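Here's the structure, in structure tokens; my notes come after.
Please read these numbers as outputs of a predicted model, since none were measured by experiment. As a basis for the values below, the full set of heavy atoms in this structure was taken, side chains included, without hydrogen atoms, waters or symmetry mates.
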Amino acid sequence: KVFPRFRFTLLNPIFAMPSNKALLDSLMGMNRDLSRTEKAKGDPEWMKDDCCKDYLLGYCPGKAVGKVIATERNIFDKPSIIQPCTKLHSIGLKTEFMQHKDYAKYRRKYEDSLA
């Protein structure tokens with residue numbers, strides 16, 4: 001009997017792995033596999049430029065509204081003030097930010113940069 005063909009579906013573990021990795025990255029952060037000593041050596045991941053500071057504060061308009069505006073936009077419409085946010089939005093980074101010892105200082109800094 002001939003072996004069944006290899007099916008290209010999402011149920012196949014090879015194709016499900018990238019989505020599982022993305023889910024774990026969003027929940028636990030990109031450096032979830034590092035030990036505590038390795039994490040303590042450098043700056044926290046939420047301080048990097050590719051992390052969305054608005055999301056850390058609680059609300060990113062580019063994530064919530066910007067993508068909807070971009071998809072609904074007509075070629076004749078004026079460009080929107082709110083652009084889609086391409087930075088990292090991670091629940092794990094948000095909890096790390098809230099548990100940081102200088103949370104109040106960085107919160108104030110990021111709030112001041114909004115104005």
Side-chain angles (χ1 to χ4, degrees):
K1 184 170 180 164
V2 179
F3 292 106
R5 291 187 181 185
F6 185 75
R7 305 197 100 185
F8 294 99
T9 63
L10 292 176
L11 299 176
N12 189 332
I14 294 172
F15 297 105
M17 282 179 50
S19 61
N20 292 343
K21 182 183 180 309
L23 178 63
L24 284 173
D25 287 347
S26 71
L27 293 173
M28 301 175 67
M30 300 280 289
N31 57 0
R32 66 184 179 277
D33 297 328
L34 299 177
S35 67
R36 289 183 187 212
T37 55
E38 290 174 335
K39 287 181 184 179
K41 286 181 185 175
D43 287 338
E45 193 175 346
W46 51 264
M47 282 187 179
K48 295 180 182 174
D49 291 334
D50 64 341
C51 180
C52 181
K53 307 304 187 248
D54 295 341
Y55 181 77
L56 293 178
L57 294 176
Y59 181 73
C60 176
K63 181 182 179 200
V65 181
K67 291 181 181 179
V68 174
I69 292 173
T71 57
E72 298 292 326
R73 188 174 173 275
N74 190 337
I75 59 170
F76 300 109
D77 293 340
K78 289 195 248 179
S80 174
I81 296 171
I82 302 173
Q83 298 297 322
C85 186
T86 58
K87 295 186 177 186
L88 180 65
H89 300 92
S90 170
I91 298 169
L93 293 180
K94 190 173 183 179
T95 56
E96 284 181 25
F97 172 66
M98 294 173 77
Q99 293 171 352
H100 194 266
K101 62 180 180 175
D102 295 329
Y103 167 73
K105 178 180 103 173
Y106 285 109
R107 182 174 177 86
R108 172 70 68 170
K109 178 182 173 184
Y110 296 151
E111 285 175 347
D112 290 343
S113 68
L114 291 175

Given side chains that start at C-beta, do those of [X] and [Y] come closer than 4.5 Å, heavy atoms only?
{"X": "Leu88", "Y": "Glu45", "answer": "yes"}
{"X": "Pro61", "Y": "Asp54", "answer": "yes"}
{"X": "Lys87", "Y": "Cys51", "answer": "no"}
{"X": "Trp46", "Y": "Lys94", "answer": "no"}

Crowding at CG, Asp49 (>12 non-hydrogen neighbours, <6.0 Å):
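No, the 6.0 Å shell around CG holds no more than 12 heavy atoms from other groups.
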Please check if atom CE in Met47 has more than 12 non-hydrogen atoms from other residues, nucleotides or ligands closer than 6.0 Å.
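Correct, the count exceeds 12.
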Atom pair NZ (Lys53) and OG (Ser113), whose distance is rounded to the nearest 0.5 Å
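If I round to the nearest 0.5 Å, the distance is 9.0 Å.
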Atom CG of Leu56 and atom NE2 of His89: how far apart are they, to the nearest 0.5 Å?
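Nearest 0.5 Å value for the CG-NE2 distance: 9.0 Å.
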Evaluate side-chain contact (heavy atoms from CB on, under 4.5 Å) for Tyr55 paired with Ile91, printing each intermediate quantity in order.
CA-CA 9 Å; Tyr55 181 77; Ile91 298 169; 3.6 Å; yes
Can you tell me which residue among Lys109, Arg108, Arg107 is in a side chain to side chain donor-acceptor pair (under 3.5 Å) with Glu111?
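Testing Glu111 for a side chain to side chain donor-acceptor pair (under 3.5 Å) against Lys109, Arg108, Arg107 leaves exactly one candidate, Arg107.
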For Tyr103 and Phe97, I'd like to know if the aromatic rings sit close, meaning centre-to-centre distance below 6.0 Å.
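Ring centroids of Tyr103 and Phe97 are less than 6.0 Å from each other.
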